[in-house]
Amino acid sequence: MAELNTESYTLRPTYKNNINANKIFLEAAPGTTVEDFVTVGNQADVPLTIHLYAADMTSTQDGRAVSKNPGLPQETIGKWVVIEQSEITLQPDESAVVGFKATIPPETVLGDYKGAIVATKKSPDYYEITPGVKASTRIALETNITVTDTPQVVSRGLDGSVLDGSIIISWYFWLSLTFFIGSIIYFVYTGKRGKIKKTPTP
Amino acid sequence: MTRPYSLLVFSLLCAFVALVFEVQYARGVNSTIEISRTPYLFFADVPNSFSFNPVTTAVTDTELTSDSDGVLGDERLLTVEDTRGCGGLLLQLEASTFTPAAGASLNNNFRVVTSSQSGDVGTEVNGIKYLSGFEGDQSGIAPLNVATVNFSDAELFTAAPFDDGRNILNQPVDLIQGDLDSNSGRIGQMQLGLSFYVNITKYFNPGTYTSTLTFTLTDSTQGNCP
């Protein structure tokens, strides 16, 4: 009998962006709040409870960025971001969209900030105190926030994806355009008819 | 023709034009087979929790290994699965500070090495085992990889190339550096075994200490995957 998979959970951006679809990119002005979403999935054979949190970055011995543990002091993204649902239980093959909001303090220096939205499995023995060395896992989703006075307004399509030049091949663009043109013609046409009716008869 | 019918005809005409453009510009619309994969990066297996053997502090240091029989067992294997087929990954390890405090820092004496040795079928490249069925890039690096098989040998953890301390778990360490750009990717499982070492000095207070190892998996891609 195959061993049960009890470890596999996933975390990814809910909506794609135009820079790197595997990461989150946001822009915000100091003193404002921006919102985005992540999708958490359970690929394991058993129900899993996933804990979500935001974290700043620190570095490894090799100088690579790694997300800070939640118990450590957080100063930027780890402090700014609030996850709407920090704990979620998912059945096998189930996934859920979870929102988060980043509130940028008014005094924040303009610039690029890097952090992470992190998912970690909360197992039944999470708080068990036994001697030795425990193992835990987490998936970190790199989260970049550019603090600027002129944040870019992000437009999203019906499926939530960021709209860009490829929109011209999307069906809803053409549908919308059809109704838009149809409406203009309708109003022009009805306007003409109305003017004709008002013409006084001798 | 009455006004509502004119509007209807015009709207249909516009819809037809839109449809023509849609079919002309959209690629793959007429495909007869659609294969979709939800691209994920996740842990397929992680090492079990473990305890070092009890030790009585003495005048000299005592060196303990997690695998005192020298053999890396299945319970030490960590398997990562990438089904994205685009982009790279980074696997890192961090150990929380041992609690309660031990007098001196236990984490300064706590080390890790990795090995691609396991019973699973696959191909070893740069210290990473790519399991059977793996497709794609195999340029990842395991910077803490060791080739030797005796995991109860303290020198394995402390001699070259680790005598500079870069496998000490007082800071996070990289286990797999698998950066890629968006032109390449991986589909399948990658595996490492992990073995641990701690040096107990006479300065540690007697007691029972606990640490949590946190394995962090994250995307490491240059460019934008579709």
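In what follows, chains are A, B, ... by sequence order, proteins preceding strands, each numbered from 1.
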Minimum-distance pair of heavy atoms, taken over all atoms of F52(B) and V133(A): CE1-CG2, 3.9 Å

Would you find a donor on one side and an acceptor on the other, under 3.5 Å apart, between the side chain of Q92(B) and the backbone of S67(A)? no

For Q222(B), does the CD atom have more than 12 heavy-atom neighbours from other residues, nucleotides or ligands under 6.0 Å away? no

Per-residue tally against chain B (heavy atom, under 4.5 Å) across T58(A), V118(A), D62(A), L11(A) peaks at D62(A)

F43(B) to R138(A) - nearest heavy-atom pair and separation: CE1-O, 3.3 Å

So which part of A116(A) gets closer than 4.5 Å to some heavy atom of chain B, the side chain, the backbone, both or neither? neither

What pair of heavy atoms forms the shortest contact from S49(B) to K134(A), and how long is it? OG-CA, 3.4 Å

Considering non-hydrogen atoms only, spot the tightest contact between S59(A) and P172(B) and give its length. O-CD, 3.8 Å

Is the backbone N or O of A140(A) less than 3.5 Å from a side-chain atom of T218(B), with the two atoms forming a donor-acceptor pair by type? yes

Would a 4.5 Å heavy-atom cut-off, applied to side chains only, mark Q61(A) and N170(B) as touching? yes

With a 4.5 Å limit on heavy-atom distance, are the side chains of T137(A) and L217(B) in contact? no

At a heavy-atom separation under 4.5 Å, does D179(B) approach chain A through its side chain, its backbone, both, or neither? side chain

Check each atom of L93(B) against the heavy atoms of chain A and say whether the ones under 4.5 Å are side chain, backbone, both or neither. neither

Separation between CG of N22(A) and CG of L89(B), rounded to the nearest 0.5 Å: 10.5 Å

To the nearest 0.5 Å, how far apart are CZ in R64(A) and CG in L91(B)? 12.0 Å

Count the heavy atoms belonging to other residues, nucleotides or ligands that lie under 6.0 Å from CG of D74(B), then report whether that count exceeds 12. no

Please name the pair of heavy atoms, one in F42(B) and one in Y9(A), separated by the smallest distance, quoted to 0.1 Å. CB-O, 3.2 Å

Could you give the distance from OG1 (T10(A)) to CZ (R84(B)), rounded to the nearest 0.5 Å? 11.5 Å

Less than 4.5 Å to any heavy atom of chain A: does that hold for the side chain of F110(B), its backbone, both, or neither? side chain

Heavy atoms only: give me the nearest T212(B)-S136(A) pair and the separation to one decimal. CG2-OG, 3.6 Å

State whether the side chain of N20(A) and the backbone N or O of N224(B) hold a donor-acceptor pair below 3.5 Å, judged by distance alone. no

At what distance, to the nearest 0.5 angstrom, does OG1 of T97(B) lie from CG of L72(A)? 8.0 Å

Given heavy-atom pairs under 4.5 angstrom as the criterion, report whether the side chain, backbone, both or neither of I19(A) touches chain B. backbone

For a side chain to side chain contact (heavy atoms under 4.5 Å, CB included) check, start with the C-alpha distance between K23(A) and D219(B), then their side-chain angles and the critical distance, and finish with the verdict. CA-CA 8 Å; K23(A) 299 173 182 176; D219(B) 168 78; 3.1 Å; yes

Best-contacting candidate, T99(B), L78(B), V173(B), N48(B), against chain A by heavy atom pairs under 4.5 angstrom: V173(B)

